[in-house]
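These notes concern the structure reproduced below.
We use all heavy atoms of the structure for the numbers below, so side chains are in, but hydrogens, waters and symmetry mates are not.
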Amino acid sequence: MSTANGSGLRRDELAAFLRSRRARLRPGDAGLPEGIGRRTPGLRRQEVAQLAGMSIDYYIRLEQRRGPHPSRQVLLALARALMLNRDEREYLFRIAGENPPATAGPSREVTAGVRHLIDSMVETPAYVVDAKYDVLAWNRLATYFVGDLTAVPEFDRNTIRWMFRRPANDQHWEDADAVRFARSSVADLRAAYGRYPGDLGIEELVTELLASSSWFAELWADHDVEVRRRIVKRVAHPEVGPLEFECQVLHLADSDQRMIVYVAEPGSATHDTFRRLGGRADLPAA
């Protein structure tokens with residue numbers, strides 16, 4: 001059972017967490033020489049203390065469930081030294097009896113691996129959005145659905161803005177799937193609004209849409225909060241006609257981004273259309 005003091009510090013859990021995070025790192029991960037004579041995997045205690053800018057004695061006492069309550073500055077230094085991700089950093093602060101620091105804004109950096117993945121999906125439209133729904137990357141086939149974004153200013157590559165540019169009385173909103181898709185997207189945006197308090201980009205988008213779209217304002221006032229998941233979409237495409245596919249939303253945990261993938265049922269007419277379009281040579285470059 002974990003012990004805690006009046007400040008909310010859970011010493012046993014903090015000590016165990018620090019030891020486990022230290023054990024998973026190799027010196028090379030932190031830019032330190034590998035050295036010789038290591039009997040156990042992971043960083044040594046003195047190496048963590050060095051990376052965090054604290055005394056080895058202080059760090060040892062933390063791992064031994066002793067010593068003073070660590071300050072926020074100490075916790076931030078430990079998070080950096082142990083290369084904690086966002087969830088791990090939040091957990092570290094919680095078990096130390098502190099409120100986690102404010103989360104940075106939505107990440108806009110798409111890794112090379114994610115770009116290679118969507119580019120390899122030549123018969124499946126796919127694109128990547130951040131938590132605000134700005135489109136960050138897309139493959140060639142996705143241009144049939146999001147357009148040639150190289151011709152769109154970066155600030156305007158936002159799928160929720162595009163969605164609510166349609167007036168509330170547009171025939172598009174008579175489709176139940178379109179309404180469900182809009183509700184889900186707004187609920188996901190509100191979840192991001194809560195994860196990134198004070199983020200200027202999200203606040204400006206919400207303010208803009210509240211002023212320009214009565215339908216968005218109505219949905220926003222419902223206060224639904226939901227991380228978006230799969231949904232079936234039916235699209236009357238102006239060039240290739242009716243399409244039906246699953247809109248799969250794959251969460252990229254490290255960046256809080258989403259990969260939107262349009263998955264057609266194998267052997268369906270939509271699948272054949274995607275395959276035909278993917279083989280065309282005149283698609284815009286992604």
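Contact between Gly278 and Arg140 at its shortest, heavy atoms only, is O-NH1, 4.4 Å.
For the pair Pro242 and Arg234, the minimum side-chain heavy-atom distance is 4.5 Å or more. By the 4.5 Å heavy-atom criterion applied to side chains, Asp134 and Val129 are not counted as neighbours. Taking 4.5 Å as the limit, some side-chain heavy atom of Val240 sits within range of a side-chain heavy atom of Arg276. Considering only heavy atoms from C-beta on, Phe274 comes within 4.5 Å of Leu243 through its side chain. The shortest side-chain heavy-atom distance between Gln248 and Met259 does not fall under the 4.5 Å cut-off. Thr111 is listed as a side-chain neighbour of Val114, based on a closest heavy-atom distance under 4.5 Å. Side-chain contact check for Phe17 versus Leu84: some heavy-atom pair is nearer than 4.5 Å. No side-chain heavy atom of Leu149 sits less than 4.5 Å from a side-chain heavy atom of Tyr127.
The ring of Tyr193 has its center closer than 6.0 angstrom to the ring center of Trp220.
Clustering ILVMFWY residues whenever any of their side-chain heavy atoms sit less than 4.5 angstrom apart, transitively, puts Trp138 in a cluster other than the one holding Leu252. Trp173 and Leu210 fall within a single hydrophobic cluster, where Ile, Leu, Val, Met, Phe, Trp and Tyr are joined by side-chain heavy atoms under 4.5 Å apart, directly or via other members. Linking Ile, Leu, Val, Met, Phe, Trp and Tyr residues whenever their side-chain heavy atoms come within less than 4.5 Å leaves Tyr196 and Leu136 in two separate clusters. No single ILVMFWY cluster, assembled from side-chain heavy atoms under 4.5 Å apart, contains both Leu141 and Val122. Criterion: ILVMFWY side-chain heavy atoms under 4.5 Å apart, direct or through other members. Under it, Leu25 and Leu92 are part of a common hydrophobic cluster.
Side chain to side chain, Asp148 and Thr150 meet the donor-acceptor criterion of an N or O pair below 3.5 Å. In this model, no donor atom of one side chain and acceptor atom of the other lie less than 3.5 Å apart for Arg44 and Gln46. No side-chain N or O of Asp119 forms a donor-acceptor pair with one of Asn139 less than 3.5 Å apart.
No donor-acceptor pair under 3.5 Å is formed between the side chain of Arg258 and the backbone N or O of Asp130. Looking at His69, its side chain never comes within 3.5 Å of a backbone N or O of Gly8 through a donor-acceptor pair. Thr124 places no side-chain N or O within donor-acceptor distance of the main-chain N or O of Met121, the cut-off being under 3.5 Å. The backbone N or O of Lys233 lies less than 3.5 Å from no partner atom in the side chain of Glu244, so there is not a single donor-acceptor pair. Ser185 places a side-chain N or O within donor-acceptor distance of the main-chain N or O of Phe181, the cut-off being under 3.5 Å. Listed for the Ser268 side chain is no donor-acceptor partner under 3.5 Å among the backbone atoms of Ala264. In this structure, the side chain of Ser184 does not engage the main chain of Arg180 through any donor-acceptor pair within 3.5 Å. A donor-acceptor pair under 3.5 Å links the side-chain atoms of Arg11 to the main chain of Gly67, judged by distance alone.
Remark: Arg166 CZ to Ser213 OG distance equals 12.0 Å, nearest 0.5 Å. Asp57 contributes atom CG, which lies 6.5 Å from atom CD1 of Ile60 (distance to the nearest 0.5 angstrom). To the nearest 0.5 Å, the span separating CG on Asp256 from OG on Ser107 amounts to 8.5 Å. Note that CD of Glu246 is 10.5 Å distant from CD1 of Ile231, once rounded to the nearest 0.5 Å.
Residues satisfying the side-chain contact (heavy atoms from CB on, under 4.5 Å) criterion with Asp224, sequence neighbours excluded, are Ala187, Asp222. Scanning for side-chain contact (heavy atoms from CB on, under 4.5 Å) contacts around Arg22 gives Arg19, Leu43, Arg45, Val48, Tyr59, Glu63, Leu82, with sequence neighbours left out. In this structure, the side-chain contact (heavy atoms from CB on, under 4.5 Å) partners of Glu239, at least two apart in sequence or on a different chain, are Tyr144, His237, Arg280.
Within 6.0 Å of CZ in Arg66 there are more than 12 heavy atoms belonging to other residues, nucleotides or ligands. Counting non-hydrogen atoms of neighbouring residues, nucleotides and ligands closer than 6.0 angstrom, the CD atom of Glu109 reaches no more than 12 such neighbours. For Asp177, the CG atom sits in a packed shell: over 12 heavy atoms of surrounding residues, nucleotides or ligands are nearer than 6.0 Å.
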**Asked** Do Arg21 and Glu88 pass the salt bridge (charged side-chain N to carboxylate O under 4.0 Å, His left out) test, and can you show the C-alpha distance, the side-chain angles, and the key distance before you say yes or no?
**Response** CA-CA 9 Å; Arg21 299 305 88 181; Glu88 292 170 332; 2.8 Å; yes
**Request:** Before giving the answer on side chain to side chain contact (heavy atoms under 4.5 Å, CB included), spell out for Thr270 and Glu265 the whole-Å C-alpha distance, their side-chain angles and the decisive distance to 0.1 Å.
**Result:** CA-CA 7 Å; Thr270 298; Glu265 183 179 352; over 6 Å; no
**Message:** What verdict does the salt bridge (charged side-chain N to carboxylate O under 4.0 Å, His left out) test give for Arg94 and Glu13, after you've listed the backbone C-alpha separation in whole Å, the side-chain angles of each residue and the deciding distance to 0.1 Å?
**Reply:** CA-CA 10 Å; Arg94 296 292 187 196; Glu13 291 187 36; over 6 Å; no
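Ring-plane geometry between Phe216 and Phe164 is classed as perpendicular, the angle between the planes exceeding 60 degrees on a 0 to 90 degree scale with a lower cut at 30.
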